[in-house]
There are 4 protein chains.
Amino acid sequence: MGLRERHGEHTPGRPARGRPRSEAAERAIIEGVLHLLEDGVSISELTVERVARTAGVGKATIYRRWGGKDELLVDVLAELEGTFTVEATGESVRGDLIAYLEAVREMGGTKGSSALWRTVIMQGRDNPKLAELYHHSVVERRRDLMRTVLRRGIERGELRADLDVELTVDMLVGPMLVRTILHEWRPTPDDLSARLVDALLEGARSRT
Amino acid sequence: MGLRERHGEHTPGRPARGRPRSEAAERAIIEGVLHLLEDGVSISELTVERVARTAGVGKATIYRRWGGKDELLVDVLAELEGTFTVEATGESVRGDLIAYLEAVREMGGTKGSSALWRTVIMQGRDNPKLAELYHHSVVERRRDLMRTVLRRGIERGELRADLDVELTVDMLVGPMLVRTILHEWRPTPDDLSARLVDALLEGARSRT
Amino acid sequence: MGLRERHGEHTPGRPARGRPRSEAAERAIIEGVLHLLEDGVSISELTVERVARTAGVGKATIYRRWGGKDELLVDVLAELEGTFTVEATGESVRGDLIAYLEAVREMGGTKGSSALWRTVIMQGRDNPKLAELYHHSVVERRRDLMRTVLRRGIERGELRADLDVELTVDMLVGPMLVRTILHEWRPTPDDLSARLVDALLEGARSRT
Amino acid sequence: MGLRERHGEHTPGRPARGRPRSEAAERAIIEGVLHLLEDGVSISELTVERVARTAGVGKATIYRRWGGKDELLVDVLAELEGTFTVEATGESVRGDLIAYLEAVREMGGTKGSSALWRTVIMQGRDNPKLAELYHHSVVERRRDLMRTVLRRGIERGELRADLDVELTVDMLVGPMLVRTILHEWRPTPDDLSARLVDALLEGARSRT
DNA sequence: CACTAACCGAGACGGTACGTCGAGTCTTAAC
DNA sequence: GTTAAGACTCGACGTACCGTCTCGGTTAGTG
């Protein structure tokens, strides 16, 4: 995943010494967190102590792999991210963008996912390295998908040549985040993605 | 403000007895938090214990007014919100929207402000009542300003008659939030507001 | 007792501020330790965590008063020491010495007492200040009683004029310690004190 | 030595198979402990983990030989005990006893020796088997030397015929222990042994 | 000479206790 | 009845060792 295996792992240069780290323990920890989140345990209730108890693991085994709760949660989020897939047909820019936003919407709906998003956003100030790491390996990967779609649209002539790609990505991602994370309680109608893409494509100005 | 003065205050019906609450203490607490935030103290370092020490106040004095750190922070955010003003001339929808977004951008740049935003966002799951309270008295007030502008634009014929107002608000607010809170580190060029409004008005579709 | 009230207690100079320390908590802690010792809990099983649980007290409340388990145990020992009394009639040196040794023997037989003795002896190297404090306020007090008895014996002519008082104290205390602490399992016959005193008085040399 | 080679050693009945235990490792461990003790490391700081690190040995290598820290320390003490020798000429009871006590005094002065004594004393309650083992193989051996000297004195008529040998041993050993272990800080004058023996022989009673 | 069982250092494992910190509540004297 | 101060119980923090287990890699004998 590129996020895990960062903390105190042995350097691949020298030969592996001592008992290797248990993959079973690692899985038990991450799945323990997911299980707790699915049970509606909030982030502040998600103590390292409790995760260890749930996973049937010593606290030290957690701290051996991650520097603390935050780093662990980033990896759990990465685990969820692994399930993120987009079915972009490439037939039209409109279709691809809608497919992408639908995928984002589904992710946001996943149990615990938005709570985790919140946490990583929260940690941005406290732990800049963590935030940067997360953004480079998760956020940027997603944004790149959109950039590719948009650039192809410009090349094909479907989108205006002077389009500000970065700004457009923000205009697609931003509203989706507002709905799924900030105003989680607000309903997200099924055709939200389509309406958002259309609004972006057609513009708000009256054309009489 | 509507947010403060909620917790454990004596009912105005019966006569006030004993020593009245010190307004000086209240100011000292809120300004203590602001001072700490300006000094780069992160939210997790912002303990009630530390706030009390900084403000030269007993912990009980804080708990007498607010239910906990979260409620206190909402009031501090409301304090900041009080400085939020928009100079909307009413001359054109474009100008008003740009003026509004510029005001949002300035708020986001305020020291500690985005950290507080993060916190309230974070608390959404843990403390739904708090989130709701915050949204109704701060967020909705802001959104109402935009709705008014947009509806006036529709009436004037500047905006298309079938415009989805709520969605459009999200498309203006969302990207701004992404910049000022999520990707705080990304540069926010001076003309960002104008470019965002224009992109929204004109649409992305190529018009040959 | 002179041993307690050492750790982090407020200086009597300035006025007492804040909630005073709970004497009930203090009693609960010390009596909790005594209760555990009586239940046959060994010193290494006597964790701070367990004492806190038994006494129904937070760990911090213990650490607020004592620097750690060792200091606490010295105070518990002092508590036991408070029950140490000798019924010396002053009629004869022999009688007084026997009475004293009997008192020592009873103390050693007290549940938990010898375990505590062991601990303090043990800590001698690790924590010299603690050991010194203990010796000055407990051990020396006891030895002084014996010195007085012995000096009175010399004045009366019951004991030889050139008697080495310190050495004689050691010769009385040492064997008793060997029996009650070191070789706890060895039987201590009822007339042990008398035989010890007589052996000391009469000497081992054959007198034909 | 009689103490070592107890733990998990292969039964001599069946043929020895596999790699034999490294004597070098064993020496490294014991000398590691002695080295640490000489460096002023206290018993509570003397963790198995640290001993293993110091000796350049895996923890399992220690646990393969001894059941834990306590058993290891008994063996280290036995190592020291090996240096205990008495030069008893047999010419007079007085001379032999003094020679013996001098040997004890020298042992007590050895670096780390008294700390180890303390430890074994300490463990008496927690680990009775250990204490018994230690007493039978170290303490009793020493005491037997004294019993022999005393009985010879009685036979020769140097000592009174009704002498309580056990009690007399205690009266010789006890004061020496008090000085070298309990009151380690008290000076032990060169002629202490002689004065102690003389006091025991002559008695305290005034003989006018 | 190959086999193989038990050793070796290293270090991860599930635990327990450590001593500290903060949460939110309670109890003083002072005003 | 408030105030600042500082106690209280509770529970999580992150660390250190415990005694055990598991690696890859020796190091004898035996077959």
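Values reported hereafter were calculated over all heavy atoms of this structure, with side chains retained and with hydrogens, waters and symmetry mates removed. Just so you know, these numbers come straight off a predicted model, no measurement behind them. Note on naming: letters A, B, ... go to the chains in the order of the sequence lines (proteins, then strands), and numbering restarts at 1 for each one.
Ion pair Arg65(B)/Glu26(B) flagged as a salt bridge, since at least one NZ, NE, NH1 or NH2 atom sits closer than 4.0 Å to an Asp/Glu carboxylate oxygen.
Helix bend of the helix from dC1(E)-dG31(F) to dC31(E)-dG1(F): the angle between its two end axes, each built from five pairs, comes to 20° after rounding to 10°.
Candidate nucleotides dT3(F), dA10(E), dC8(E) were compared by shortest atom distance to the side chain of Arg64(B), and dT3(F) ranks first.
Pairing each heavy atom of Val48(B) with each of Lys69(B), the nearest pair is CG2-CB, 4.1 Å. Of all heavy-atom pairs spanning Val41(A) and Leu37(A), the tightest one is O-CD2, 3.8 Å.
Look at Arg19(A) and you won't find any side-chain N or O under 4.0 angstrom from OP1 or OP2 of dA10(E).
Comparing Pro20(C) and Gly56(A), the nucleotide of DNA chain E nearest to each residue sits closer to the 5' end for Gly56(A).
In this structure, Arg65(C) places its CZ atom 16 Å from P of dT20(E), rounding to the nearest Å. Tyr63(C) places its OH atom 14 Å from the C1' atom of dC13(F), with the value rounded to the nearest Å.
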Output a table of nitrogen or oxygen pairs between the protein and nucleotides 2-4 of chain E separated by less than 3.5 Å.
none

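Residues of residues 46-54 of chain A having a heavy atom closer than 4.0 Å to DNA chain F, listed by number: Thr47(A), Val48(A), Glu49(A).
Nucleic acid contact class of Lys59(C) (heavy atoms, under 4.0 Å, all strands): base.
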